[in-house]
Amino acid sequence: MQPSFHIGPHPIPHPVVLAPMAGITDLPFRTLCRKLGAGYTVSEMVAGNPKLINTRKSSLRLRHDGDESLRAVQIVGWDPQSMAEAARINADQGAGVIDINMGCPAKKVCSKAAGSALLKDEALVERILNAVVKAVDVPVTLKIRTGWDANQRNGVTIARIAEQAGIQALAVHGRTRACAFKGLAEYDTIAQIKAAIYIPVMANGDISSPEKAKEVLEHTAVDGIMVGRSALGNPWVFRAITHYLKTGTQLPPPALHEVKDVVLGHLQSLYDFYGDPLGPRIARKHMGWYVEKHKGGSTFRKAFNQLETATQQLASAQEFFEQLIEGEVMAA
Ligand SMILES: Cc1cc2nc3c(=O)[nH]c(=O)nc-3n(C[C@H](O)[C@H](O)[C@H](O)COP(=O)(O)O)c2cc1C
């Protein structure tokens, strides 16, 4: 069972996609996840306020050099005209898809409610979606939660508003705004949303294994699965899920020599992308996730976090993985 879908005219080659995560899904990580089987990736959110587009943070989030794939830029905000203008600027700069974030729990922009806080105000949602869709020629997509809170799970209404406004695909995180990240994601509302609209729907929330992905696909009949936190330190998750959906069999975990090569390649791309001192700083975060399940990972992480330069970090990561490989050979 392998659903394939389109976002506007763009075919999405694999049904498993990377969720946008601020501070994480930068160009190096998106490129890596696509290489390992993610069918589609979305950038970290940038302010839907044109005045903030030229800040250093936004410029880094919007850098796409060398990225040949479909570029989806996520915007967040509350004011329809500013959001429309931000969408236009991003489309002019080459975004192939504009994604609107109404799924992020804690976001306030200019001290006004934005992200999932908007779900309470259906009329404003409609105004924002209409303004953004009208402003650009590229497909506009939307990411939401299942609703505002358990008593106001208005995801189906929002989905209908979105389809009516011309939104071309919808990602739904199976929690309400009030849930934040607590409890488990639920997929019944996602199934109701999928049944209520015709545009492609991606299910998101707690999808951490190939079996869970298949269960959610079958339960909801959605077109795609969106994976966030389970990809941290594990970009192989996309390949594993796609293979399982295609064949019903599990791929073995990546061999340690592949893990070493991927991690070192990822580090190098972070240094190239961010330069000094940001590259080594951001590398620490990813390295923590990469090594947490490996023997000696926590001791290694503490030592790695003290290293200031790219050269030191690369040498130390290389040594850590070579020792793991050696240990494996000795144990065999
Ligand atoms: C660190 C972090 C940053 C996130 N940033 C964004 C964001 O910028 N835009 C967005 O729409 N969702 C954001 N999210 C939510 C994720 O896209 C996703 O909906 C959520 O993590 C649930 O999926 P998961 O259980 O697969 O992680 C973020 C989540 C995390 C953990």
Side-chain angles (χ1 to χ4, degrees), residues 15-27 29-30 33 38-48 52 57-58 60-62 72-78 83 86 90 97-109 113-119 125 128 132 140-147 155 158 162 167 169-187 189-190 193 201-213 215-217 220 222 224-238 240-241 282 285-286 288-289:
V16 193
V17 309
L18 173 66
M21 287 180 282
I24 297 165
T25 51
D26 51 18
L27 179 60
F29 193 61
R30 296 198 305 274
C33 290
Y40 174 66
T41 60
V42 181
S43 74
E44 311 160 87
M45 67 185 146
V46 291
L52 299 178
K57 197 165 164 189
S58 285
L60 274 172
R61 288 184 173 186
L62 289 170
V73 173
Q74 188 183 65
I75 58 174
V76 65
W78 57 270
M83 294 278 280
N90 281 298
V97 174
I98 299 293
D99 185 49
I100 300 175
N101 175 356
M102 293 191 188
C104 195
K107 200 66 202 166
K108 281 202 165 189
V109 174
S116 59
L118 288 173
L119 297 175
V125 168
I128 291 173
V132 174
V140 181
T141 60
L142 175 67
K143 182 160 175 284
I144 60 169
R145 289 183 167 227
T146 50
I158 298 281
I167 292 295
L170 184 70
V172 189
H173 178 184
R175 287 186 172 85
T176 62
R177 197 243 179 205
C179 293
F181 277 91
K182 291 191 286 283
L184 292 176
E186 59 88 16
Y187 307 103
T189 311
I190 300 181
I193 288 173
V201 176
M202 290 164 265
N204 170 239
D206 298 345
I207 300 172
S208 51
S209 67
E211 293 92 333
K212 179 85 182 263
E215 240 175 74
V216 172
L217 272 177
T220 58
V222 289
I225 290 290
M226 178 177 267
V227 175
R229 289 164 297 168
S230 291
L232 304 180
N234 184 22
W236 298 274
V237 69
F238 299 100
I241 296 178
I282 289 178
K285 179 165 62 179
H286 287 276
W289 291 317

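The basis for the numbers below is simple: all heavy atoms, side chains too, and nothing from hydrogens, waters or symmetry mates. Note that ligands are numbered from 1 as they come in the structure, with each ligand's atoms numbered from 1 the same way.
Using modelled atom types, no side-chain atom of T141 and backbone atom of L170 make a donor-acceptor pair closer than 3.5 Å. Between the D206 side chain and the A185 main chain, a donor and an acceptor come within less than 3.5 Å of each other.
Residue-level proximity to ligand 1 for D206 is carried by backbone and side chain together, each with a heavy atom below 4.0 angstrom. The backbone and the side chain of M45 each have at least one atom closer than 4.0 Å to an atom of ligand 1 (non-hydrogen atoms only). Neither the backbone nor the side chain of V76 comes within contact range of ligand 1; no heavy atom lies under 4.0 Å. If you look at Q74 next to ligand 1, the close heavy atoms, those under 4.0 Å, all belong to the side chain.
Proximity to A19 (heavy-atom distance under 4.0 Å) selects the following atoms of ligand 1: 17 (O). Using a 4.0 Å cut-off to heavy atoms of A22, the atoms of ligand 1 that qualify are 3 (C), 4 (C), 5 (N), 6 (C), 7 (C), 8 (O). Atoms of ligand 1 found under 4.0 Å from any heavy atom of K143, numbered from 1 in the order shown, are 10 (C), 11 (O), 12 (N), 15 (C), 16 (C), 17 (O), 18 (C), 19 (O). Atoms of ligand 1 found under 4.0 Å from any heavy atom of R229, numbered from 1 in the order shown, are 21 (O), 24 (P), 25 (O), 26 (O), 27 (O), 31 (C).
Closest approach of V140 and V132 over heavy atoms only: CG1-CG1, 3.8 Å. Here the shortest heavy-atom pairing between R30 and E44 reads NH1-N, 4.4 Å.
Some N or O of P20 is nearer than 3.5 Å to an N or O of ligand 1, by distance alone. Taking distance alone, with nitrogen or oxygen atoms compared against 3.5 Å, I24 stays at or beyond that limit from ligand 1.
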Checklist entry - Under the side chain to side chain contact (heavy atoms under 4.5 Å, CB included) criterion, do F238 and T41 qualify, and how do the steps go? => result CA-CA 11 Å; F238 299 100; T41 60; over 6 Å; no
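Put simply, the side chain of V46 reaches to within 4.5 Å of the side chain of I75, judged on heavy atoms.
In this structure, G205 counts as a contact residue of ligand 1, since one of its heavy atoms falls inside 4.0 Å of the ligand.
Of the listed options G228, A185, S230, G228 places a heavy atom closest to atom 26 (O) of ligand 1.
With sequence neighbours left out, the ring-ring contact (aromatic ring centres under 6.0 Å, His included) criterion links F29 to H266, H286. Residues passing the side-chain hydrogen bond (donor to acceptor under 3.5 Å, both in side chains) test with Y187, sequence neighbours excluded: K212.
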